[in-house]
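As the structure is a computational prediction, the values presented were derived from the model and not from experiment.
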Amino acid sequence: MVDALRRAHRMLKPDGCVVDLHPSAARALVEAGGQLTGYVDAGDAPLRHAAAGVAPATAIQERLLVVDREVVFDFYTYGGSIEELRDYVVENWREGHIDDETVERTRQLVRDAPPGTRPRLRERVHLTTLRPHRDPADS
């Protein structure tokens, strides 16, 4: 990931920017009606996401890039049912799955909730825009 930022730095125009967007190392949550019902087991994803967070810090330390702006936000994926979300995770996340207990808790909560309540996944995401480092001596 650091190598990708080094390559981006070499191709970056002086007034350009790099956008780094990656999930945090925190586990994704399964929710329904605003209540936590469980977590997504994403295998080694927390380690990979933590490593993704180190890459910009390394590029900054190497004086290649500087932080222009940082934003942390929650990203939601809604399903028509918990089974739909479970299948989505299996099909789209490396090593990801939602355990049977979480599926059952979510199913029960949706069944008892007001009409229109849908299950969702909540992921914490980091977005950082980086600009080329400018040495004051170059000005």
Side-chain angles (χ1 to χ4, degrees):
M1 292 174 216
V2 174
D3 288 338
L5 287 174
R6 287 181 184 127
R7 282 193 303 274
H9 174 262
R10 287 193 299 270
M11 295 184 279
L12 197 58
K13 293 182 179 183
D15 61 344
C17 73
V18 172
V19 177
D20 175 68
L21 179 70
H22 64 273
S24 76
R27 297 186 326 181
L29 309 176
V30 180
E31 302 175 332
Q35 295 183 37
L36 175 67
T37 59
Y39 300 91
V40 176
D41 180 351
D44 70 348
L47 295 174
R48 288 184 286 109
H49 299 162
V54 170
T58 302
I60 292 163
Q61 183 179 18
E62 292 178 7
R63 299 174 55 91
L64 300 174
L65 301 166
V66 296
V67 173
D68 181 48
R69 187 166 189 198
E70 292 179 289
V71 178
V72 179
F73 61 94
D74 289 330
F75 181 83
Y76 296 98
T77 303
Y78 286 84
S81 68
I82 185 58
E83 292 79 13
E84 182 181 328
L85 280 178
R86 179 193 59 209
D87 294 347
Y88 170 82
V89 168
V90 167
E91 292 170 12
N92 294 285
W93 293 28
R94 185 189 316 175
E95 301 176 25
H97 74 276
I98 300 173
D99 65 64
D100 293 339
E101 294 82 14
T102 298
V103 169
E104 186 53 40
R105 275 192 302 274
T106 307
R107 188 182 296 132
Q108 183 65 42
L109 198 126
V110 169
R111 188 173 25 242
D112 296 341
T117 299
R118 296 169 45 203
R120 69 183 184 188
L121 306 177
R122 178 168 40 129
E123 299 173 78
R124 179 62 48 104
V125 176
H126 294 264
L127 183 143
T128 306
T129 55
L130 302 149
R131 298 217 177 266
H133 179 271
R134 290 202 173 94
D135 192 330
D138 295 340
S139 297

By the definition side-chain contact (heavy atoms from CB on, under 4.5 Å), identify the one residue from Leu64, Ile60, Leu65 that meets it with Glu62.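 Per the side-chain contact (heavy atoms from CB on, under 4.5 Å) rule, the option paired with Glu62 is Leu64, out of Leu64, Ile60, Leu65.
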Passing option when Thr37 is tested against Val110, Leu29, Val103, Thr102 for side-chain contact (heavy atoms from CB on, under 4.5 Å):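 Between Thr37 and the candidates, side-chain contact (heavy atoms from CB on, under 4.5 Å) is satisfied uniquely by Thr102.
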Work out which heavy atom in [X] is nearest to a heavy atom in [Y]; give both atom names and the distance.
X      : Y      : result
Gly96  : Val89  : C-CG1, 3.5 Å
Leu5   : Ala59  : CD1-CB, 4.1 Å
Val66  : Pro132 : CG2-O, 4.1 Å
Arg105 : Gly38  : NH2-CA, 4.1 Å
Val40  : Trp93  : CG1-CZ3, 3.3 Å
Gly79  : Glu84  : CA-OE2, 4.0 Å

ring-ring contact (aromatic ring centres under 6.0 Å, His included) partners of residues 57-82, not counting sequence neighbours, each pair once: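 Applying ring-ring contact (aromatic ring centres under 6.0 Å, His included) to every pair that reaches into residues 57-82, excluding sequence neighbours, yields nothing.
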Would you compute the distance between atom [atom1] of [X] and atom [atom2] of [Y] and round it to the nearest 0.5 angstrom?
X      : Y      : atom1 : atom2 : answer
Arg120 : Arg122 : CZ    : CZ    : 6.5 Å
Thr106 : Gln35  : OG1   : CD    : 10.5 Å
Asp87  : Ser81  : CG    : OG    : 7.5 Å
His133 : Leu130 : NE2   : CG    : 12.5 Å
Arg69  : Leu127 : CZ    : CG    : 8.5 Å
Ile82  : Leu121 : CD1   : CG    : 7.0 Å

Would you kindly say whether Arg111 and Gln108 are connected by a side-chain donor-acceptor distance under 3.5 Å?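 Yes - a donor-acceptor pair under 3.5 Å links their side chains.
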Can you check side chain to side chain contact (heavy atoms under 4.5 Å, CB included) on Arg124 and Val72, steps first, answer last? CA-CA 7 Å; Arg124 179 62 48 104; Val72 179; 3.0 Å; yes
Glu83 and Arg86 ion-paired at < 4.0 Å: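 Between Arg86 and Glu83 there is no salt bridge, as every charged N stays at least 4.0 Å from the carboxylate O atoms.
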Quick one: salt bridge (charged side-chain N to carboxylate O under 4.0 Å, His left out) partners of Asp68, sequence neighbours excluded?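 Applying salt bridge (charged side-chain N to carboxylate O under 4.0 Å, His left out) to Asp68 gives Arg131.
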Apply the test side chain to side chain contact (heavy atoms under 4.5 Å, CB included) to residues Asp3 and Arg7: give CA-CA distance (whole Å), side-chain angles for both, the deciding distance (0.1 Å), then the verdict. CA-CA 6 Å; Asp3 288 338; Arg7 282 193 303 274; 3.8 Å; yes
